[in-house]
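One structure is given here, and the rest of the page talks about it.
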Amino acid sequence: MIRSTIPKPFGVLIWLLTIWAEFDWIFSQVLVDPYARSEVVNPDELLLVQVVHRHGERTAIYDIPTAGRKPQTITDGFPKEAILTPRGIADMYGKVCKAVHWSAFDFGLRVRPHSSGLVVEYGRYMRHRYHKFFDDGKPISSQRIRVISSSTDRTITSAQALMAGLLPPEDRSRIWNTSLGSQWIPFPVYARPSAHDTLLLNFGNDCPKFSELRKDIAKIPIAKQFQATMPGFADRMKAATGLNTYDFFDTSTIIEDAVHYAQSNPVNGSVDQGTLPYWYNESIGEDLRRIAYFRMHLIVGGNGDRQRTRFKIGVLLHEILERMNLSKSLGGKLPLKMVFYSGHDENVAGILAALSSYNYTIEGPNIGIPDFTASVIFELYKNSTVRLLFKNNLSDMWSDPLVIKHPQCLMEYCQLGKLYGLVKDVLTSEDLWLNECGATYGVRRNVSETRSAENELPSKLQLNDVPPHSVTLPAQNGNGVGIGDGLVIGGGLIAAALITSPLVAVCIARMRRKTPEDRVTNLELSNGDMRNRANA
């Protein structure tokens, strides 16, 4: 009989460390569970939820220019379709957080490896927050949840990833395949061609007037004052980059975006001289960020520039409010529960500007460009109140969104009629928007045909029919796992660990009794398996 070579004191140490590892895992999974600190909205009071969000992390649209290298103009090689990075897909759906946790009892033989827990991202967060509202266990179609995207790859892919997290096939009736079908359900995403898009990607040839306003932001008095604080910056950057022309706002924003991508996605795990050009330093990087942030405020009409705000999000906000009015008028009989608009940073920033929540100063600090996955959420309740929320924290996706309070409606729940009155000056119908844009007959006809084919809002109700309402809805409480529940569950898991840890020690002892020949054989098989994977 071969006796175990593990001394008793060492065995006791292994047993104690096993208990510690189990409790550490319990603490990370239960007591610090993100579900416990995230609100679950009361479905009995809710009528409709509409979300305008930015896409996930994407690749850079342009390369970083450097003197002596091609391209010599910032738009050489355009269009370069930016696509979602793997991290961008994970941001919209879900990912495993990489954190160090080790199984203390094996010292190299990882018996039960585990992570710090599944950190679900935007789609799964939205499911947790609203699942009691939209999911009754029956198959879900676009009549209940509608997803609208701009026509770019990054927004359509973001919408698909978000829906994969929002609608997992948890119920057996939704599983259509034993492998892929048990993890994902296809869901329709609606996207207009960019030339017909008045909602999300609405500038260019379809709106000459707005394109002109975008080009003329440098003529705005506050923009001139801002440029005066950075004399000679454009000339120095033109010489460093080797570009033939350098626009203070537009070119700086393009370069800042390319640098941001390079820093967020370093080559071989580090940002080196091969990634960033020789002329770049932190001071230049800060100047580029300031300019990019300031430009975003100018484009979408921060500080009360209502004309630019109306061109940017007037049609979109009009549709959102019209849909809320329709849902309220039908008394909750509308089958539609949620609407997602998968768009861009300018859409989110424009909504904030319309709500007078995107103001800026020359000195700063100013609200920056909305982050990837940033969103504005419109929650309509049965008492005709609206709660406006802003979510912009990728580092802690499970934190609840911030409440947006209009300066003239400083309540968490603003009356729908009052909200309409506060933003009425930036609302515009699609037809009026096309008239103001100076759109050609061809663009008008294409947009009209696209709108007729969609036929998603049959109501002819007018927004000024929204009656005032004086009921104030109290704040809702979350229904996550609390500390008390966590302690009960944790106690049960600790007891299970105490019972099973002796069995684990026996298994380790048996593994330690293997002969040297056995260990060599296993190592060779492992190396062979690694070689096979490398050649696959």
Cation over ring face, Arg129 and Tyr125, 6.0 Å, 45°: no
Side-chain donor or acceptor of Arg290 paired with backbone N/O of Glu363 under 3.5 Å: no
Side-chain donor/acceptor of Asn202 to backbone N/O of Ile313, under 3.5 Å: no
side-chain hydrogen bond (donor to acceptor under 3.5 Å, both in side chains) assessment of Glu322 paired with Tyr420: CA-CA 10 Å; Glu322 182 178 336; Tyr420 165 70; over 6 Å; no
Option passing side-chain contact (heavy atoms from CB on, under 4.5 Å) with Phe378 (candidates Val49, Leu416, Ile351, Leu48): Ile351
Side chain to side chain contact (heavy atoms under 4.5 Å, CB included) evaluation trace for Asp257 with Thr253: CA-CA 6 Å; Asp257 176 75; Thr253 298; 5.7 Å; no
Ring geometry between His55 and His344 (parallel below 30°, tilted from 30 to 60°, perpendicular above 60°): perpendicular
Heavy-atom side-chain proximity of Arg310 to Asp425 below 4.5 angstrom: no
Heavy-atom donor-acceptor pair, Trp433 side chain to Phe311 backbone, under 3.5 Å: yes
Sub-4.5 Å side-chain heavy-atom contact between Arg323 and Gln50: yes
Minimum side-chain heavy-atom gap Leu355-Val423 below 4.5 Å: yes
Note: Asp216-Arg308 ion pair, threshold 4.0 Å (strictly below): no
Asp345 with Arg54: basic N within carboxylate O range, under 4.0 Å: yes
Distance-only donor-acceptor check, side chains Tyr190 and Ser142, under 3.5 Å: yes
Side-chain donor-acceptor pair present, Tyr293, Glu256, cut-off under 3.5 Å: no
Exam field: side chain Asp197 to backbone Arg192, donor-acceptor pair closer than 3.5 Å: no
Pairing of Arg154 and Glu57 as salt bridge, 4.0 angstrom limit: no
N/O donor-acceptor pair under 3.5 Å between Thr309 side chain and Val300 backbone: yes
Lys405 side chain vs Ser357 backbone, donor-acceptor pair below 3.5 Å: no
Closest approach of Leu162 to His53 (non-hydrogen atoms, all atoms of both residues): CD1-NE2, 3.8 Å
Derivation of the side chain to side chain contact (heavy atoms under 4.5 Å, CB included) call for Leu388 and Val403: CA-CA 6 Å; Leu388 305 171; Val403 176; over 6 Å; no
Trace of the side chain to side chain contact (heavy atoms under 4.5 Å, CB included) decision for Val339 with Ile320: CA-CA 9 Å; Val339 180; Ile320 289 172; over 6 Å; no
Shortest non-hydrogen contact from Leu200 toward Lys312: O-NZ, 3.9 Å
Validation row: Phe294, Ile222 side chains within 4.5 angstrom (heavy atoms): yes
NZ/NE/NH1/NH2 to OD/OE distance under 4.0 Å, Glu379 and Lys337: no
Side-chain (Lys382) to main-chain (Asp44) donor-acceptor, under 3.5 angstrom: yes
Electrostatic pair Lys215-Glu212, nearest N-O below 4.0 angstrom: no
Heavy-atom closest contact (Val426 atom, Ala354 atom, distance): CG2-CB, 4.0 Å
Donor-acceptor contact below 3.5 Å, side chain His131 vs main chain Met126: no
Under 3.5 Å: donor-acceptor pair, side chain of Asp247, backbone of Asp250: yes
Stepwise side-chain hydrogen bond (donor to acceptor under 3.5 Å, both in side chains) check, Thr155 with Thr152: CA-CA 6 Å; Thr155 51; Thr152 64; 2.7 Å; yes
Residue pair Pro370 / Tyr358: nearest heavy atoms and the distance that separates them: CD-OH, 4.0 Å
Any Leu326 side-chain heavy atom under 4.5 Å of Leu334 side chain: yes
Non-hydrogen atoms of Leu167 and Ile140 that approach each other most closely: CD2-CD1, 3.5 Å
Donor + acceptor pair across side chains of Tyr261, Gln263 (<3.5 Å): no
Presence of salt bridge, Arg387 and Glu39, under 4.0 angstrom: yes
Salt-bridge contact Arg127-Asp135 (side-chain N to carboxylate O under 4.0 Å): yes
Side chain Asn303, main chain Tyr360, donor-acceptor under 3.5 Å: yes
No-hydrogen, no-angle side-chain donor-acceptor test under 3.5 Å, Asn383 and Thr385: yes
Closest non-hydrogen atom pair between Leu336 and Arg144, with its separation: CD1-O, 3.5 Å
Check: Glu346 and Leu201 side chains under 4.5 Å, non-hydrogen atoms: no
